[in-house]
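Presented below is the structure to which this report refers.
Reminder, nothing fancy here: chain letters follow the sequence lines and each chain counts from 1.
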Amino acid sequence: MPELAEIETLRSDLQAEFAGYQIDRVEVSGRRSVRRHPDAAAFTRRLLGRQVRAVARKGKFLLVHLDSTDVLVAHMGMSGQLRRVEAGSPKSLHTHVSVSFAGAFDLHFVDPRTFGQMFVSNADLPELAHLGPDPLEIDEARLGGLVASRPTKLKVILMDQSIISGIGNMYADEILHAAQLRPDRPGRDLSPADISNLSAATHRVLGEAVARRGSTLADRQYKDLYGAAGTYQELHRVYAREGKPCSRCGELVARSRSNGRSNFYCPGCQR
DNA sequence: CGATTATCCTGTGCGC
DNA sequence: TGCGCACAGGATAATC
């Protein structure tokens, strides 16, 4: 699933491919992918003729800053993919938005399950105001402040985008394993040493995942701008590894369920 | 407040 | 071989 590492990979490639180029054509199929707007025309109108200044990221949201005061915002949801394709390429199945750049490639937004979306907002981005800080941009003390006061389970805290933004189910499980902390540990039970481990694990796991251009699972739902897979899944220790031996202690990886989500963890070395 | 559940959606993979 | 269904989970709303 596209989480922080996958979105960051898209961000850097989008920046390299499209910064400085002007949007000269926008095609929207259906309304659902641009559902924040009253209709597709309201979305398209604010993009046509605009030049891309820079591409940023906030949590799992991509922010394409334009030469107006507007920002094109994209969220991949569960199954969204962005693809750089040759100009004028036909839209494959589930391609909901196509953006053409003058004298350059087209950008296709493909999203079978339609949980993703695109919209244009102003520079203040009120739609994203609820998001917490990026986990890569906060230090141990700041993370401790966000976690240590809460009675909530660690897994829930890590995945709550209003507390920290960018971590989903997959990286939450990997981070907690790296920190040797159980997903159901209440945040306020953590010792200073636990907080230290959690902070280090967060930076290590997400940093390495970005370096490896994200995780592409068996379902192939994530591919990068060029259709290539990431490789961080090769380093997964627990996610989708139920019943396999833990790489740290040899105990079998367990799976529990809460909030309608799977939790993969090692009962042997996560406390 | 926190915890839990339902909703949206389609492709996949399992059991029978 | 084919059918039906559970599952995958990001964000949000509703309910307890």
Side-chain angles (χ1 to χ4, degrees), chain A residues 1-11 29-37 57-63 73-82 91-97 109-119 121 125-132 134-135 146-176 182-189 206 209 214-223 227 229-230 233 236 238-243 253 255-265:
Chain A
M1 322 309 115
E3 302 179 26
L4 186 150
E6 292 74 30
I7 302 305
E8 178 58 26
T9 302
L10 282 173
R11 185 208 64 75
S29 315
R31 205 182 294 97
R32 186 163 158 78
S33 293
V34 293
R35 54 189 173 273
R36 283 191 190 260
H37 296 282
R57 177 182 60 78
K58 187 168 184 181
K60 301 173 195 170
F61 289 83
L62 282 164
L63 310 176
V73 182
H75 193 285
M76 297 301 108
M78 286 295 303
S79 61
Q81 299 195 17
L82 288 172
K91 285 183 277 193
S92 59
L93 190 64
H94 303 304
T95 300
H96 307 302
V97 181
F109 176 57
V110 188
D111 185 15
R113 295 173 64 183
T114 71
F115 284 10
Q117 58 173 314
M118 295 181 108
F119 61 92
S121 185
L125 293 167
E127 300 90 346
L128 309 189
H130 66 287
L131 294 178
D134 195 286
L146 293 170
V147 169
S149 61
R150 299 173 195 271
T152 316
K153 293 174 174 130
L154 270 183
K155 175 83 180 272
V156 174
I157 294 174
L158 289 181
M159 287 181 63
D160 186 332
Q161 304 301 298
S162 70
I163 300 174
I164 326 173
S165 61
I167 299 172
N169 203 45
M170 176 173 67
Y171 289 114
D173 280 355
E174 291 300 322
I175 288 167
L176 289 171
R182 288 179 60 103
D184 59 354
R185 274 279 293 278
R188 67 180 168 203
D189 284 7
L206 294 177
S215 302
T216 299
L217 304 172
D219 61 15
R220 318 293 288 173
Q221 289 220 68
Y222 167 73
K223 299 276 198 67
Q233 70 281 358
H236 285 188
V238 285
Y239 186 78
R241 294 179 58 82
E242 182 185 12
V253 172
R255 175 184 195 160
S256 67
R257 205 158 226 294
S258 59
N259 309 320
R261 303 290 175 252
S262 287
N263 308 307
F264 297 96
Y265 65 101

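- Comparing atom distances between the A:Arg32 side chain and each of B:dC8, C:dG10, C:dA11 picks out B:dC8 as nearest.
- Side-chain atoms of A:Val97 and A:Asp111, non-hydrogen and from C-beta on, never get closer than 4.5 Å to each other.
- Scanning for ring pair (Phe, Tyr, Trp, His ring centres under 6.0 Å) contacts around A:Phe264 gives A:Tyr239, with sequence neighbours left out.
- Nearest heavy atom pair, residue A:Lys91 against residue A:Ser29, reads NZ-OG, 3.4 Å.
- A:His94 pairs by the ring pair (Phe, Tyr, Trp, His ring centres under 6.0 Å) definition with nothing, not counting sequence neighbours.
- In the helix from B:dG2-C:dC16 to B:dC16-C:dG2, the rotation axis of the first five pairs and that of the last five pairs differ in direction by 60°, rounded to 10 degrees.
- Remark: P of C:dA11 and CG of A:Leu4 are 11 Å apart, rounded to the nearest angstrom.
- Residues A:Pro135 and A:Leu206 have side chains in contact (heavy-atom distance under 4.5 Å, counting atoms from C-beta outward).
- The shortest distance between side-chain heavy atoms of A:Met118 and A:His96 does not fall below 4.5 Å.
- Residues satisfying the side-chain hydrogen bond (donor to acceptor under 3.5 Å, both in side chains) test with A:Arg57, not counting sequence neighbours, are A:Glu8, A:Asp134.
- Protein atom CD of A:Gln221 is 16 Å distant from nucleotide atom P of B:dC9, rounded to whole Å.
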Please list each protein N or O that sits under 3.5 Å from an N or O in nucleotides 10-13 of chain B, with the distance.
from	atom 1	to	atom 2	distance (Å)
B:dG11	OP1	A:His94	NE2	2.6

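- If you measure from atom OH of A:Tyr171 to atom C1' of C:dG10, you get 15 Å, rounded to the nearest angstrom.
- When distances are taken from the side chain of A:Arg36 to each of C:dT12, C:dA11, B:dC8, the shortest belongs to C:dT12.
- A straight line from CD1 of A:Ile167 to P of C:dA11 spans 12 Å, rounded to a whole angstrom.
- Atom CD of A:Gln81 and atom C1' of C:dG10 are 16 Å apart (whole Å).
- Summary of the strand contacts: A:Glu127 and A:Met78 both lie near DNA chain C, and taking for each the nucleotide with the nearest heavy atom, the more 5' one is attributed to A:Met78.
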Could you pull out the protein-nucleic contacts involving nucleotides 1-4 of chain B (nitrogen or oxygen on both sides, under 3.5 Å)?
from	atom 1	to	atom 2	distance (Å)
B:dA3	OP2	A:Thr152	OG1	3.1

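- Atom CG in A:Asn263 sits roughly 14 Å away from atom P in C:dC7 (whole-Å rounding).
- Between A:Asp184 and A:Asn263, the closest side-chain pair of non-hydrogen atoms is not below 4.5 Å.
- Under the 30°/60° scheme for interplanar angles, the aromatic rings of A:Tyr171 and A:His236 are found to stand perpendicular.
- Counting to the nearest Å, the P atom of B:dC8 and the NE2 atom of A:His96 are 17 Å from each other.
- Residues A:Arg36 and A:Glu127 approach most closely at NH1-CG, 3.5 Å, considering heavy atoms.
- If you measure from atom CG of A:Leu62 to atom P of C:dG10, you get 16 Å, rounded to the nearest angstrom.
- Residue-level contact check: A:Met159 touches the backbone only, with heavy atoms under 4.0 Å from sugar-phosphate atoms and none from bases.
- Residues A:Glu6 and A:Ser215 have side chains in contact (heavy-atom distance under 4.5 Å, counting atoms from C-beta outward).
- Proximity of A:Arg182 to A:Leu154: side-chain heavy atoms (C-beta onward) are nowhere separated by under 4.5 Å.
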